[in-house]
Amino acid sequence: MSETIKGLHRSHRCTEVSNKNIGEEVTVMGWVQKRRNLGSLIFIDLRDRSGLVQIVFDENDGEIFEKAGTLRSEFVIAVRGEVRARDGAVNEDMETGDIEITAKELRILSESETPPFPVEEGANTKEELRLKYRYLDLRKQNLQNNLKLRSDVTTFVRSFMANEGFLEIETPTLCKSTPEGARDYLVPSRVHPGHFYALPQSPQLFKQLLMCSGCDRYIQIAKCYRDEDLRADRQPEFTQIDMEMSFVEAEDVMEVNERMLQALFKEVLDVDVQIPFERMPWQEAMDRFGTDKPDTRFEMELTDVTEVVKGCGFGVFAGPADTDGCSVRGLNVKGQGAMSRKKIDKLVESAKGNGAKGLAYLCINEDGTYKSTFAKFMSEEELEALVTAMKGEPGDLLLFAADTNKIVWNVLGALRLELGKELELIDESKYNFLWVVDFPQFEWSDEEERFIAMHHPFTMPKEEDIQYIESDPGKVHAEAYDIVLNGSEIGGGSVRIHQTDVQEKMLRAIGFTDEQAHEQFGFLIDAFKYGVPPHAGLAYGLDRLVMHMANEDNIREVIAFPKNKDAVCLMSEAPGTVDEKQLDELSLKTVETEE
Ligand code: ASP
């Protein structure tokens, strides 16, 4: 290392000092985590980004012993001293627990006020306070590890992809607003009053144009912005590992990414991942798991019992069973037939939270009798048929949802995950990757009363379905693929449309007039006129990928300076108001709204 402060040269990071250095003189610098006074000895836990090492000051050392007595938490110090074995007092919980440094020189490089919370991993501090003082929070070992992991991931991906012939190319972040998709963040133009740039939701159009430019293989670690209501794993600004390839089909994109992920997990986590990953059609994912991002680390799959309950005496089942686009499906919660009423009520509540009108259940008692909300409405034969279809055995709990397919999938998919966690069915040590493929090209938006693109409007429909784009959009499948890890969509991409006429059809199908399409995407459609290679690509959510690799539940733990759930940076207090002069320059006026 080559850091020097006024003649004192930092020789090691704290945890780089080991029993190999016993007897040697070292110099370490960092923050005081803890001071313990034992009368004739003072112990300091010194912290830097690598971790902790113990420093000892002896009363026989006179002046520096006295100086050590003034040290407080978070003082920044430099210590020169000799490495010694800890006689009989090895701390097994500490990486450097078998050694300590006996101080010969101590310099206080800066002092600290009492920090607003203990800067220690595991300290039970409210997240609001942690985010307000994020620079202190980041000193904690787990967060330092997460930042290091994140840096390792991007470094590895860049070099792997460079070896595969990808060029790293930056695309603009002041773009044209394209309201299809999420809400844009807008930036007013000073020199063009009344005009706005948008921050990119993704570099999608630019990366496709780079393919038109002949760049062949592109990659970028790109900041993206989406003004959506935030959920636990979303941030208004986030980072993508974004890529695009020319002269390829879907399989080529998947193949290079499988190799990249396999190598990444080996290099960074020393985890072996088998490739190729399973490719699961969207329909199968929905039918078996109720979601297009299935967690395949545990079973408890959905069973479609629509045909079995058709015409049965229980109207709640018989109605949907006889209606197009609706179904009746169930989950067999093995061995949970004796679940308490209170717990079942909680499941009913969460089903309602996901859009169900209710949740029907049937407990199969150990003696083979049933306890159920609906048994009385069904004949014995009907019940038997249902239980058989569900592979129900004594001691099982059967849960049923009956509604539109969308609601049924949503409700049972969420219950499956909730129960998987609660009953500890998930093998947390596993990394289960899979591709979900054959997505529908469109989904119906009740809110907008029109079809919208399930991925985005530049996704190529399956060739045989192109004929239905305008006449029967619901029938069209897409050349799209999502990469799913342990029930989380960590990335997605598609083969792109590269024909002007198909692109125009696609935009018309989602409600654009030709004028609107040209106004917003004219430059892309024009570019297609001048020779465009077939191309395809993919983007990962870097934050989410790193969150899984770091085994964190919350995306904020892997972002240096995240925003909170209200899209606010509690530390810098962004967003803030601006003064009148700035607004005047931008020809903007704000209006008061009632909060
Ligand atoms: N641009 C897409 C997205 O942000 C990913 C892709 O199709 O490459 O979701």
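Just so it is clear, the values below take in all heavy atoms, side chains as well, and ignore hydrogens, waters and symmetry mates. Just follow the structure's listing: the first ligand is 1, and inside any ligand the first atom is 1.
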Just heavy atoms, cut-off under 4.0 Å: does [X] contact ligand 1 by side chain, backbone, both, or neither?
X: S202; answer: side chain
X: Q240; answer: side chain
X: T459; answer: neither

When the ring planes of [X] and [Y] are compared, do they come out parallel, tilted or perpendicular, using 30° and 60° as the limits?
X: Y135; Y: Y133; answer: perpendicular
X: W282; Y: W409; answer: perpendicular
X: F277; Y: F433; answer: parallel
X: F439; Y: H455; answer: perpendicular

Self-check item: Pick from K207, H455, Q201, Q208: the one approaching atom 8 (O) of ligand 1 most closely through a non-hydrogen atom
Solution: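 Of the listed residues, K207 has the closest heavy atom.
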Quiz item: Hey, are N146 and E552 close enough side-chain-wise for a donor-acceptor pair under 3.5 Å?
Solution: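 Present: a donor and an acceptor within the cut-off.
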Quiz item: Can you check whether R496 has an N/O within less than 3.5 Å of an N/O in ligand 1?
Solution: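 Yes, since at least one N or O of R496 sits under 3.5 Å from an N or O of ligand 1.
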Quiz prompt | R259 with E255: basic N within carboxylate O range, under 4.0 Å | solution =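 Salt bridge between R259 and E255, a charged N being under 4.0 Å from a carboxylate O: yes.
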For [atom], grab the closest protein heavy atom and report residue, atom and distance to one decimal in Å.
atom: atom 9 (O) of ligand 1; result: R226 NH2, 4.0 Å
atom: atom 1 (N) of ligand 1; result: Q204 OE1, 2.7 Å
atom: atom 5 (C) of ligand 1; result: G492 O, 3.4 Å

Quiz item: What atoms of ligand 1 come closer than 4.0 angstrom to any heavy atom of G493?
Solution: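 Once the distances to G493 are compared, the set is 6 (C), 7 (O).
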Practice problem: May I ask you to check if R416 and F298 form a cation-pi contact, with NZ or CZ under 6.0 angstrom from the six-membered ring centre and within 45° of the axis? | Solution: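 Ring-cation test returns yes.
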